[in-house]
Amino acid sequence: MPRGLITSSSLALVVFTGGRTQPGTIKPDEGERHPYSVIECEAKREAILPSVIYIQKILRRRPFLIKNLENVMRRFLQSLELFEDNERKKLAIFTALAFSQKLSGLPPETVFQPLLKDNLVVKGLVLSFITDFFKEYLVDNSLDDLIAILKRGKMEDNLLDFFPSAKRSPEGFSEHFTKEGLVPLVEYNEKKIFEVKLKEMKSALTTQIAEESDISEVIENVKQRVKDAKLPDIEVVRILWDVIMDAVQWSGKNQQQNANSALRQVKTWAKLLNSFCSSGKLELELMYKVQMQCYEDAKLMKLFPEIVKSLYDQDVLAEDTILYWFRKGSNPKGRQTFVKALEPFVNWLEEAEEEE
């Protein structure tokens with residue numbers, strides 16, 4: 001490459017287009033032009049990678065030129081509509097390889113933020129570019145690497161912003177990237193949406209329980225959120241127990257007071273638990289949840305049999321569920337201790353069953 005072309009104002013332009021461009025366009029300006037450029041080569045990684053490696057070598061010797069690369073990339077990305085489809089693909093491949101090769105000092109926000117111009121998004125140009133970018137980047141890198149870049153670019157939680165408004169929905173996201181073969185990205189996004197919905201429900205439920213809202217109102221709110229978010233029943237049962245017990249006012253080392261507070265809480269919100277523990281499987285899940293909390297929290301360790309009995313008395317747990325857990329429960333955490341503690345109550349249940 002001619003030395004005269006490598007200046008702080010023209011390095012990236014030379015690599016991308018072969019020389020300077022006219023202001024406000026990507027048309028070549030007058031002057032010497034390099035016979036090779038990203039825009040003129042094939043839209044393949046093996047054709048574009050040498051340009052990335054070349055820039056990398058230059059930046060190691062002249063790191064101050066990184067600002068020039070940032071400015072040129074920002075300019076091109078804000079002007080995607082001026083490029084042909086094939087040229088935009090080359091630009092996406094170059095950008096992906098730049099991050100894949102960890103091009104010195106290139107900040108992700110330089111790439112992602114300029115793309116969010118409404119006129120580019122509405123035409124679908126941004127979605128096409130970012131799809132090519134994702135596909136190319138994931139050839140050599142993991143999904144975790146991609147997510148790390150998106151986080152640094154402040155885009156991890158805003159991926160739908162790349163979509164035109166007509167397609168801007170979780171369903172549109174899944175359909176598009178599944179079709180493009182990016183199933184791991186789809187699964188990641190669905191998991192993230194799921195976690196957000198769980199967090200929102202837990203937050204709303206925490207507020208209602210803290211305010212001691214009418215239990216019927218709380219039940220309807222949870223049912224509506226479960227329906228809207230399509231939350232699994234097992235996750236709902238887990239959240240209900242967590243929120244109910246988080247609201248207990250614990251009293252330091254006063255074991256009896258803690259026991260009274262916990263059992264009072266169970267009794268107060270038993271109807272809420274009962275509304276969602278609608279099968280033996282869900283009742284068993286609740287028992288496992290109680291088991292884990294009592295195992296992990298020292299102040300609850302001795303309360304396990306009392307909590308189980310209270311849930312039985314409030315018709316949240318059926319006798320069959322308790323006996324199944326006692327005889328065949330699969331969670332080993334503290335099981336031996338809890339089985340022994342629950343034995344007197346189980347004996348009572350079995351005796352009552354025989355009498356009947």
Side-chain angles (χ1 to χ4, degrees), residues 26 38-39 43-45 48 73-100 107-201 224-232 235:
I26 59 168
V38 171
I39 294 300
K44 295 180 179 178
R45 62 186 287 120
I48 296 172
M73 288 190 72
R74 186 181 293 112
R75 172 181 160 190
F76 282 177
L77 294 173
Q78 288 176 332
S79 308
L80 283 179
E81 74 273 21
L82 301 179
F83 293 91
E84 300 294 331
D85 288 346
N86 203 37
E87 293 172 336
R88 283 192 288 271
K89 184 171 184 177
K90 294 172 190 176
L91 200 54
I93 294 173
F94 176 90
T95 306
L97 289 173
F99 284 117
S100 186
E109 54 269 28
T110 296
V111 174
F112 299 123
Q113 297 304 321
L115 290 172
L116 299 179
K117 289 176 64 177
D118 289 342
N119 64 311
L120 299 179
V121 173
V122 74
K123 293 175 184 177
L125 300 180
V126 174
L127 181 57
S128 176
F129 175 91
I130 210 69
T131 301
D132 288 333
F133 171 85
F134 287 166
K135 289 167 77 172
E136 186 61 42
Y137 184 79
L138 288 170
V139 170
D140 292 327
N141 301 275
S142 68
L143 182 64
D144 287 342
D145 293 329
L146 176 60
I147 299 306
I149 285 178
L150 292 172
K151 283 181 179 178
R152 285 167 53 206
K154 299 178 175 59
M155 288 306 305
E156 183 205 10
D157 297 324
N158 305 298
L159 294 180
L160 283 178
D161 291 351
F162 293 133
F163 283 72
S165 56
K167 298 180 180 179
R168 195 173 293 167
S169 67
E171 295 75 19
F173 184 101
S174 297
E175 181 181 348
H176 173 77
F177 285 116
T178 298
K179 184 179 177 182
E180 293 292 337
L182 294 173
V183 174
L185 181 63
V186 172
E187 292 173 345
Y188 168 83
N189 192 60
E190 289 176 346
K191 181 182 178 184
K192 191 166 183 63
I193 291 172
F194 173 73
E195 289 171 349
V196 168
K197 288 177 177 177
L198 280 183
K199 188 176 180 180
E200 289 174 348
M201 190 183 88
Q224 190 60 50
R225 285 182 176 275
V226 169
K227 180 181 177 182
D228 292 345
K230 299 176 183 174
L231 299 175
E235 291 295 339

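In this chain, residues are counted from 1 in sequence order. Predicted model, so just to flag it, every value in this text is computed and none were measured.
Between E81 and R88 the shortest heavy-atom distance is CA-NH1, 4.1 Å. Looking at every heavy atom in both residues, I149 comes nearest to P108 through O-CB, 3.5 Å. Scanning both residues, L160 and F173, for their nearest heavy atoms gives CD2-CB, 3.8 Å. Residues P114 and L120 approach most closely at O-CD1, 4.3 Å, considering heavy atoms.
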Open item on the list: Please determine whether side chain to side chain contact (heavy atoms under 4.5 Å, CB included) holds for the pair N141 and L146, giving the CA-CA distance in whole Å, both sets of side-chain angles, and the decisive distance to 0.1 Å.
Closed with: CA-CA 7 Å; N141 301 275; L146 176 60; over 6 Å; no
Open item on the list: Between D144 and Y188, is the side chain to side chain contact (heavy atoms under 4.5 Å, CB included) condition met? List the steps.
Closed with: CA-CA 10 Å; D144 287 342; Y188 168 83; over 6 Å; no
- [ ] May I have the step-by-step check of side chain to side chain contact (heavy atoms under 4.5 Å, CB included) for L82 and E87, ending in yes or no?
- [x] CA-CA 9 Å; L82 301 179; E87 293 172 336; over 6 Å; no
TODO: List the steps and the verdict of side chain to side chain contact (heavy atoms under 4.5 Å, CB included) for F133 and I93.
DONE: CA-CA 6 Å; F133 171 85; I93 294 173; over 6 Å; no
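Summarising the local packing, CD of E109 is surrounded by more than 12 heavy atoms from other residues, nucleotides or ligands at distances under 6.0 Å. Summarising the local packing, CG of D118 is surrounded by 12 or fewer heavy atoms from other residues, nucleotides or ligands at distances under 6.0 Å. By the 6.0 Å contact criterion, NZ on K167 is open, its count of non-hydrogen atoms from other residues, nucleotides or ligands being 12 or less.
Distance alone, capped at 3.5 Å, is enough to place a donor-acceptor pair between the D145 side chain and the S142 backbone. In this structure a side-chain-to-backbone donor-acceptor pair under 3.5 Å is missing from E156 to A148. S128 places no side-chain N or O within donor-acceptor distance of the main-chain N or O of G124, the cut-off being under 3.5 Å. S100 places no side-chain N or O within donor-acceptor distance of the main-chain N or O of A96, the cut-off being under 3.5 Å. At distances below 3.5 Å, at least one donor-acceptor pair connects side-chain atoms of K117 with backbone N or O atoms of Q78.
Counting only heavy atoms from C-beta outward, the side chains of T178 and E175 never approach each other to under 4.5 Å. Using a 4.5 Å heavy-atom cutoff, the side chains of N158 and M155 are in contact. A heavy-atom distance below 4.5 Å is not found between the side chains of F83 and K90.
A distance of 6.5 Å separates CG in L80 from CG in L91, rounded to the nearest 0.5 Å. The CD1 atom of I130 lies 8.5 Å from the CG atom of L159; values are rounded to the nearest 0.5 Å. Rounded to the nearest 0.5 Å, atoms CG (L143) and CZ (F134) are 9.5 Å apart. To the nearest 0.5 Å, atom CZ of residue F94 and atom CD1 of residue I48 are 9.0 Å apart. Note: K197 NZ to R225 CZ = 11.5 Å, rounded to the nearest 0.5 Å. The CG atom of L115 lies 11.5 Å from the CG atom of D161; values are rounded to the nearest 0.5 Å.
Between D132 and K135, none of the side-chain N atoms (NZ, or NE/NH1/NH2) sits under 4.0 Å from a carboxylate O, so this pair counts as no salt bridge. Using a 4.0 Å cut-off between charged side-chain N and carboxylate O, E136 and R45 make a salt bridge.
Annotation: F177 is in aromatic contact with F163 [ring centroid separation under 6.0 Å].
Under the 30°/60° scheme for interplanar angles, the aromatic rings of F99 and F112 are found to lie parallel.
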